[in-house]
Protein chains: 2
Amino acid sequence: MSENTEMCKETEKTMGILAGKWKPVILFHLLYGGTKRFNELKRLIPTVTQKMLTNQLRELEQQDIIKRIVYAQVPPKVEYLMTDYGRSLQPLIEIMYEWGASHIKHMENKEKDLTVDEKSVTNSD
Amino acid sequence: MSENTEMCKETEKTMGILAGKWKPVILFHLLYGGTKRFNELKRLIPTVTQKMLTNQLRELEQQDIIKRIVYAQVPPKVEYLMTDYGRSLQPLIEIMYEWGASHIKHMENKEKDLTVDEKSVTNSD
DNA sequence: CAGGATCCCACCTGATACTG
DNA sequence: CAGTATCAGGTGGGATCCTG
């Protein structure tokens, strides 16, 4: 964890995996929801477009985070699931989730502070 | 940590903080190197431009992650440091760092695997 | 020293249409 | 079903020049 050695390429690498608007959401669903088909993910993430979903899934696949299984059958069927390696991201996703949750509260409290700063301070609700 | 509740806005919030090419690096330096002046950061991150450094610092400041202290003096002096709240990101940055480090090794090993896949498999080194 | 202002481009993102 | 192809828009990021 040295500060000066060629800056922290490690955190950048991690960001390289997580960067991309939909990747954390995809990982979240695959981690906690298990194997999913393409359209299942699409339903779970209604605001994503096919293009972007495909895009992000491909990148995660190339990075060995998720696995893509194609079934050679007439109604195409493709499944996505976490690789063992991808599962190592779970603690990170979990921390991100928890930090995000507390961050949301933090911001809400800041709002309140601004709202009540003119009211009586004795009211400690 | 439910899967279906309005998708995981929490992880997205966290990404909202960390997104930006230079933010993790900046946070890394401020977390482990302490208070830094503008040009100190610029020296520590040689490939960043003034514009982007300013940009990312401003965003982190607005998000209450870092604090910007301006000294009203003739040779301008501005210091940046983590807020108490920003410091709560430390475990996250640390996990990102560690995961990134192991990821780099993981990828190096994949390269090696591809290199030796034609050699004798009996060599279990 | 610590930026602000401008120009520029690549790529990220999205909507729509089409296909094996 | 699970994409691909194409077009269009917005934004992140970078280079350069200028300033209090």
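The shown structure was predicted, so the numbers you read here are calculated from the model rather than taken from an experiment. Letters go in sequence order (proteins before strands), and every chain restarts at 1.
- Of all nucleotides listed (D:dA2, D:dT16, C:dT16), D:dA2 comes nearest to the side chain of A:V78.
- The side chain of B:R68 approaches C:dG3 more closely than any other nucleotide in the set D:dG13, C:dG3, D:dG3.
- Looking at A:T14, its side chain never comes within 3.5 Å of a backbone N or O of B:W99 through a donor-acceptor pair.
- The interatomic distance linking A:I69 (CD1) with D:dG3 (P) rounds to 13 Å, in whole Å.
- Among the nucleotides D:dG13, C:dG3, C:dC1, the one closest to the side chain of B:Q56 is D:dG13.
- The side chain of A:T49 has C:dG14 as its nearest neighbour among C:dA2, C:dG14, D:dG3.
- Between the P atom of D:dG12 and the CG atom of B:L18 lies a distance of 16 Å, rounded to the nearest Å.
- Minimum atom distance to the side chain of B:P76 is reached by D:dG20, of the listed D:dA2, D:dG3, D:dG20.
- Here B:Y71 lies out of heavy-atom contact (under 4.0 Å) with every strand.
- Heavy atoms of A:K21 sit under 4.0 angstrom from primed sugar atoms or phosphate atoms, though from no base atom.
- Annotation: side chain of A:I26 is in contact with side chain of A:L53 (closest heavy-atom distance under 4.5 Å).
- More than 12 heavy-atom neighbours from other residues, nucleotides or ligands sit within 6.0 angstrom of NZ on A:K23.
- Residue-level contact check: A:Q73 touches neither bases nor backbone, having no heavy atom under 4.0 Å from any strand.
- In this structure, of C:dG3, D:dG13, C:dC1, it is C:dG3 that holds the atom nearest to the side chain of B:R58.
- Looking at which nucleotide of DNA chain D each of B:E59 and B:Q50 is closest to, the 5′-most match is held by B:E59.
- In the set D:dA2, D:dG3, C:dG14, the nucleotide with an atom closest to the side chain of A:R37 is D:dA2.
- A donor-acceptor contact under 3.5 angstrom links the side-chain atoms of A:K51 to the base of C:dT13.
- Atoms CD (B:E40) and P (C:dA2) sit 8 Å apart, rounded to a whole Å.
- Two residues are said to be in side-chain contact when any heavy atoms from C-beta on lie closer than 4.5 Å; B:M82 and B:I65 meet this criterion.
- Residue-environment remark: NZ (B:K67) stays at or below the threshold of 12 foreign heavy atoms within 6.0 Å.
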